[in-house]
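Input: a single structure, listed below in structure tokens.
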2 protein chains.
Amino acid sequence: MDNNKNINSPNNLSEPENKILEAAKKVFIQKGFDGATMQEIADVAGINKALLHYYFRKKEILFKTIFQQAFSEFVPNIQEVISSDKPLRKKIKSFIEGYIDLLTKNPYLPIFILNELSQRPEKLITIIKSSGLNPSLIIKNFDKSLQEAGIKSYPIKHLLVNILSMCIFPVVAKPVISSFLFDGNDKSYQLFIQQRKKYIYDFIIKALKI
Amino acid sequence: MDNNKNINSPNNLSEPENKILEAAKKVFIQKGFDGATMQEIADVAGINKALLHYYFRKKEILFKTIFQQAFSEFVPNIQEVISSDKPLRKKIKSFIEGYIDLLTKNPYLPIFILNELSQRPEKLITIIKSSGLNPSLIIKNFDKSLQEAGIKSYPIKHLLVNILSMCIFPVVAKPVISSFLFDGNDKSYQLFIQQRKKYIYDFIIKALKI
DNA sequence: AAGTAATTTAACCAATTAGTTAAAATAAAT
DNA sequence: ATTTATTTTAACTAATTGGTTAAATTACTT
């Protein structure tokens, strides 16, 4: 078995495995671990439950695979942006724009990650730690950029969290924001999110007086 | 039935009803709708399942009651703060401090609200709309305050979302932040949250150049 | 064409869970 | 003390779900 490697796929998984992972991602992200069922994952993947369990023996296993993958997407290539040799303003700008684009394409990703993480921190914390993210390196690089730009007055961790907050939260809180600020009009909400590329940037630049 | 009104309780509910609601709040907020079981709610309330179903016929009913209550807590008395006659800076300061205190006392409230809302927007949107919150009034009042302070350059909805984001997100994302920025040290994380009272305020004031 | 691997079918098990029910027990009220 | 209301007990139903299994079928390979 497992002889049907999919040449078209970038990874070295069989075709049904890829279909399963794709389906599982969709279902888990939409419904969460508790809300998702193996049956639905099989249906979405276009296969049957027996085969699903044949490839992934336990729901838990499948979930962890998906969660790790999702988290890696959720944590973008900050590293690249931060450690580039662009001026600080450019760095901040491209980070915000890149991240909002990412979130626009995957609007359910953050709430999925955050909720699962808050429900099963112990079990998932190990997974996210193995995601190849090096926070201290990012902090160090970012700090250097700030020093070079002459900004000493604001603690870097708070700045980092501010930026992430202003990008991610509006996506996570879409139902509230959309219904309270835009009368449930999705177009208006989407426009608002796109506008934030500019307004988050402006806000940060002014706050840092660059 | 329902003759045992609890004189000690502020509302006009019977004692078991209050115990049930308290228990349900705890369990639902901790585990979400899908993760919570009626049995556990009964256990936490110190009664049995039969009585639980006797007072709340359906899980759905109990949940909606809890959700509405939770949402009302989650949306603080912005109205009061905004429509007071304090200077803008004071308003912003007390809002941030009050909200962070609220979130510190109820750290699981926001992720619960946001996740349920994202999972069942249609069903819950009606509930949150009946929560007596008047966003346009807040916007209007806040806008007036900004005009008076001579701030015209920044769109109010973005400002509002910025403030809320910077307060709420760090609480929602506790596991990630705590583990990545503070090595899982809860004390450090808690301190960080308290520090944000100052740093969010500073950030906003500078960004608005008040 | 034969043999091997991949997939489906369909039935099943065991556990969990929302919700019901009726009778027994307890507490409160009169 | 007797009625009435409240609560418990305990057993039950029906549905859902994760997971298994064995045989049948289809596809692939040689």
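Residue numbering restarts at 1 for every chain, and letters A, B, ... go by the order of the sequence lines.
Rounded to an integer number of Å, the gap from A/Leu51 CG to D/dA27 P is 14 Å. Here C/dT7 presents its C1' atom at 15 Å from CG of A/Asp43, a figure rounded to the nearest Å. Remark: P of D/dT8 and CG of B/Leu52 are 11 Å apart, rounded to the nearest angstrom. In this structure, A/Lys59 atom NZ and C/dT16 atom C1' are separated by 12 Å, rounded to whole Å. Rounded to whole angstrom, the span from the CG atom of B/Asp34 across to the P atom of D/dG18 amounts to 12 Å. Rounded to an integer number of Å, the gap from CG of A/Asn48 to P of D/dT26 is 14 Å. The distance between atom CD1 of B/Ile47 and atom C1' of C/dG19, rounded to the nearest whole Å, is 14 Å. As rounded to whole Å, 8 Å separates atom P of C/dA18 from atom CD1 of B/Ile41.
Distances shorter than 4.0 Å separate none of the side-chain N or O atoms of B/Tyr54 from OP1 or OP2 on C/dT20. OP1 or OP2 of D/dG19 has at least one side-chain nitrogen or oxygen of A/His53 nearer than 4.0 Å.
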Inset, instruction - I would like to know whether A/Phe28 and A/Phe112 meet ring-ring contact (aromatic ring centres under 6.0 Å, His included); could you show each step before the answer? - result: CA-CA 8 Å; A/Phe28 274 133; A/Phe112 166 70; 7.2 Å; no

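Checking D/dG19, C/dT8, C/dG19 against every side-chain atom of A/Ala50, the shortest atom distance belongs to C/dT8. When distances run from any side-chain atom of B/Lys49 to the nucleotides C/dT20, D/dG19, D/dT8, the shortest one goes to C/dT20.
Contacts of A/Ala42 with the nucleic acid, taken as non-hydrogen atoms under 4.0 Å apart, are absent.
For B/Arg196 and B/Asp202, the salt-bridge test fails: no basic side-chain N is under 4.0 Å from an acidic carboxylate O.
Side chain to side chain, B/Ser130 and B/Gln68 meet the donor-acceptor criterion of an N or O pair below 3.5 Å.
Under the 6.0 Å distance and 45° angle rule, A/Lys157 does not count as a cation-pi partner of B/Phe192.
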